[in-house]
Amino acid sequence: MEFIKVTEQYQPAIALIQLNRPKELNALNKQLMEEVRDTLQLLDKNEAVRVIIITGDERAFAAGADIKQMADKSAIDMLLIDQFSTWDQIRKTKKPIIAAVSGFALGGGCEFAMTCDMIIASETAKFGQPEIKIGTIPGAGGTQRLTKAVGKAKAMELILTGRFLSAEEAHFYGLVNKVVPVEMYLHEAVELAKEIAQMSPVAVQLAKEAINRSFETQLDEGLAFERKNFYLTFASADQKEGMNAFVEKRKPSFTGR
Ligand code: CAA
């Protein structure tokens, strides 16, 4: 594994996946997400593992999908690359997944954390969907999951302005389970995982499946709609301008084309 570190028995019955592209703030390139998908499939089959924790580092859980990998792509390139099909596997994982988040959880990073089942945040965590600032929209579930988590008005504000939510605000809006000091977030995630690991794994799996059913009944349709609109932004000059401006470290100038 090049972009993640996996510890199958981080604690008895608890596996840890650490995203490991620290210089790029754990930006989620295609290979990293494929490594996560393949690891989750293996951990799901490993009977010695009951709960999975996914984390980044103190500075960033993940600052989004890799903008440099996408910047010059066309809408059809994006459709054919189909990078989010790997993400679908994350939500098919049967065992519970806890995201332990410190620092930036932005764009795809926020979507990745929301795809997990629970989130433990450090006081330094910042959540947001800033895609609008680079001329595109969330493409890995943000318009659907953030809206379900925080409600329509707040989701509109966050997605249309790209503003960040502090850890405390994220807790207030029900996006995260608990906020703890930065030196405690992984420990707290492990404590939660330990408690769940003591339960019947069969009952845990069935309960998770049932909770997700209530949450996701119409999610497939929403995700497909969002994904097509995300790809469509790649037909715009504004997406090229927004992403290139990010790469070139300057302010974008949007023309509405
Ligand atoms: N993709 C690629 N590289 C990224 C990245 C991303 N999403 N986020 C950060 N990086 C890189 C930066 O380019 C920089 O690399 P260099 O040192 O080679 O220049 C490095 O990580 C450190 O980043 P900064 O110097 O920008 O750090 P900062 O502390 O000044 O700012 C930040 C941190 C506010 C998170 C800023 O990096 C930022 O705005 N990142 C982009 C956030 C974003 O727009 N995310 C959405 C991506 S699109 C998406 O996710 C679509 C989807 O729905 C799936």
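Every number for a ligand or one of its atoms is a count from 1 in the order of the listing.
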Atom 30 (O) of ligand 1: the protein heavy-atom neighbour that sits closest, reported with distance to 0.1 Å: Arg59 NH2, 4.9 Å
Contacting atoms of ligand 1, where contact means under 4.0 angstrom from a heavy atom of Leu106: 35 (C)
Identity of the nearest option to atom 12 (C) of ligand 1, non-hydrogen atoms only, from Lys68, Glu24, Gln129: Lys68
Side chain, backbone, both or neither: Ala27 near ligand 1, heavy atoms under 4.0 Å: side chain
Distance from atom 1 (N) of ligand 1 to nearest protein heavy atom, with residue and atom: Ile67 N, 2.9 Å
With Thr39, the side-chain contact (heavy atoms from CB on, under 4.5 Å) member among Ile4, Ile54, Ile52: Ile4
Charged N-O contact under 4.0 Å between Lys194 and Glu191: yes
Within-cut-off N or O pair, Gly139 and ligand 1, under 3.5 Å: yes
Flag: protein heavy atom within less than 4.0 Å of atom 50 (O) of ligand 1: yes
Any Lys23 heavy atom less than 4.0 Å from ligand 1: yes
Identity and distance of the protein heavy atom lying nearest atom 41 (C) of ligand 1: Phe246 CE1, 3.7 Å
Shortest protein heavy-atom distance from atom 25 (O) of ligand 1, along with the residue and atom involved: Lys249 NZ, 4.3 Å
Within-shell test, Ala140 vs ligand 1, heavy atom, strictly < 4.0 Å: yes
Gln83, portion touching ligand 1 at heavy-atom distance under 4.0 Å: neither
Protein residue, atom and distance nearest to atom 23 (O) of ligand 1, heavy-atom basis: Leu25 CD1, 3.6 Å
Aromatic plane relationship, Phe84 with Tyr231 - under 30° parallel, 30 to 60° tilted, over 60° perpendicular: parallel
For atom 44 (O) of ligand 1, the option (of Pro130, Gly108, Gly64, Gly109) bearing the nearest heavy atom: Pro130
Atom 8 (N) of ligand 1: nearest protein contact (heavy atom, Å): Ala63 CB, 3.5 Å
